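The structure is given below, and queries will be raised subsequently.
Counting starts at 1 for both ligands and their atoms, following the listed order. Note that the coordinates shown come from a computational prediction; the quantities given were computed from them, not determined experimentally.
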Amino acid sequence: MSRPPWLIVPAAGSGRRMDADRPKQYLPLAGRTVMWHTLRRLHSVFPGARLCLCLDEADACFDPSSVPFAHWQRVAGGAERADSVRNALEWIAGQEEDDQALVFVHDVARPCVSPEDLRHLYAALAEDAVGGLLAAPVADTMKRDDGQGRVAATEERAGLWHALTPQGFRLGVLRQALDAARRAELPSTDEASAVEATGLSPRLVFGRRDNLKITHPDDLVLAEQILAAQASCSLSPAGEEAD
Ligand code: CTP
Ligand code: MG
C-alpha cells in the first residue's frame with residue numbers, strides 16, 4: 001500500500017434507536033465493545049493510517065486503550081453526523097497539505113466490515129479523482145408507503161444500491177462538498193450525498209451485505225453472529241498486516 005488513507009470514524013452519536021443505557025458504540029459485542037471491533041478492523045488493513053475519532057465532548061464511556069492506532073486524534077462531535085465529520089476534516093486539513101489526500105469515513109457502528117472490502121475499496125479509489133463508497137445492490141422488491149401503512153407503489157429495484165461505509169474521497173472534494181451542503185442546509189446522512197450535490201458522481205464499489213450498521217437492539221445479536229461466521233470463514237483480521 002503506497003500511502004494509507006486518513007481515517008475518520010464518527011462516534012459522537014447517542015444511539016437513540018438502540019434505546020440502551022449508553023451509546024451503542026460502547027455496548028458489548030463478542031466480549032469487547034462495538035468500537036473496539038470497528039477500530040481493530042480498520043487497523044488490520046491500514047495499520048499506518050492516521051485516525052481522527054469524533055467523540056461527544058460529554059462522552060464518559062470512551063476508553064483510549066480501545067484505539068489500536070499509533071497516530072490518532074480525538075475531535076469534538078457535532079450536532080449531526082455531517083458536523084462531526086466536518087470537524088474531523090478541519091483538523092486533518094490543518095495537518096495535510098495535499099488536498100488530493102484520500103480520506104475514508106467509516107461509521108463506528110459498522111464493526112463487521114470485512115478486511116477484503118476495505119482493501120478492495122482502497123484499490124478502487126487509489127486513482128479516482130473523486131472517490132466513492134462501498135455499496136450493496138438492493139435484493140428485495142422495494143415498496144413505497146402511502147403514509148398510512150399501505151403500499152402506494154412498487155419502486156423499480158434495478159440500479160438501486162444500499163450505501164455502506166467506508167466512503168472515501170479526496171480531502172479537497174469532501175471539504176468543499178460538506179461545506180456547501182451546510183450552506184445550502186442540505187440534509188446529508190452520508191458523505192456521498194454531499195459530493196453528489198456538487199455535481200460529481202462517486203464510484204460505487206461492490207461491498208458485502210453483512211457490513212451491518214448496528215442501529216436497533218436486535219442488530220447486536222446479528223452482528224455477533226456475523227463476526228462468528230466471518231471468523232469461521234477466516235474473514236476476521238486474525239493476522240494483522242505489517243505496517
Ligand atoms: N454520529 C456522529 N455524530 C453525530 C451523530 C452520529 O459522529 N452527531 C455517528 C454515530 O456515532 C455513528 C454514525 O455517525 O457512528 C452513524 O450514525 P447513526 O447510526 O445514526 O448513529 P446514532 O446517531 O448514534 O444513532 P441514532 O440515530 O439512533 O441516535
Ligand atoms: Mg443518528
- Query: Which residue supplies the protein heavy atom nearest to atom 12 (C) of ligand 1, what is that atom called, and how far is it?
  - Reply: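 Scanning the protein heavy atoms, the shortest distance from atom 12 (C) of ligand 1 goes to P10 O, 3.7 Å.
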- Task: State plainly whether the residues R86 and E80 are in salt-bridge range, i.e. N to O under 4.0 Å.
- Result: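 No salt bridge links R86 with E80.
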- Message: For atom 21 (O) of ligand 1, what is the closest protein heavy atom, and at what distance to 0.1 Å?
- Response: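 Nearest protein contact, heavy atoms only, for atom 21 (O) of ligand 1 is K24 NZ, 3.2 Å.
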- Among D59, D63, D21, whose side chain to side chain donor-acceptor pair (under 3.5 Å) with Y26 holds?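 Exactly one pass, corresponding to D59.
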- Among H106, R16, R81, which one has a heavy atom closest to atom 14 (O) of ligand 1?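 Heavy atom nearest to atom 14 (O) of ligand 1 belongs to R81.
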- Let me know which of Q167, Q25, K213 forms a side chain to side chain contact (heavy atoms under 4.5 Å, CB included) with D107.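 Passing option: K213.
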- Task: Specify the protein heavy atom at minimum distance from atom 1 (N) of ligand 1: its residue, its atom name, and the distance to 0.1 Å.
- Result: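 Closest protein heavy atom to atom 1 (N) of ligand 1: G13 N, 3.5 Å.
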- Task: Measure the distance from atom 3 (N) of ligand 1 to every protein heavy atom, then report the residue, atom name and distance (to 0.1 Å) of the closest one.
- Result: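 That would be S84 OG, 2.7 Å.
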- For K213, atoms of ligand 1 separated by under 4.0 Å from a heavy atom: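 Contacts of ligand 1 toward K213, numbered from 1: 18 (P), 19 (O), 20 (O).
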- Message: Suppose we measure from atom 8 (N) of ligand 1 to each protein heavy atom; which comes out shortest, and what is that distance?
- Response: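 Protein heavy atom at minimum distance: G78 O, 2.9 Å.
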- Query: Which residue supplies the protein heavy atom nearest to atom 13 (C) of ligand 1, what is that atom called, and how far is it?
  - Reply: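 Result for atom 13 (C) of ligand 1: D107 OD1, 3.4 Å.
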- Closest protein heavy atom (residue, atom, distance) for atom 7 (O) of ligand 1: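 Its nearest protein heavy-atom neighbour is A12 N, 2.9 Å.
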- Message: Any nitrogen or oxygen of A79 lying under 3.5 Å from a nitrogen or oxygen in ligand 1? Just yes or no.
- Response: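 Among all N and O atoms of A79, at least one is under 3.5 Å from an N or O of ligand 1.
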- Message: Tell me the protein heavy atom at minimum distance from atom 27 (O) of ligand 1, and give that distance in Å.
- Response: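 Minimum-distance protein heavy atom for atom 27 (O) of ligand 1 reads R17 NH2, 3.0 Å.
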- Query: Under 4.0 Å from ligand 1, counting heavy atoms only, is it the side chain of P23, its backbone, both or neither?
  - Reply: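 Answer for P23: neither.
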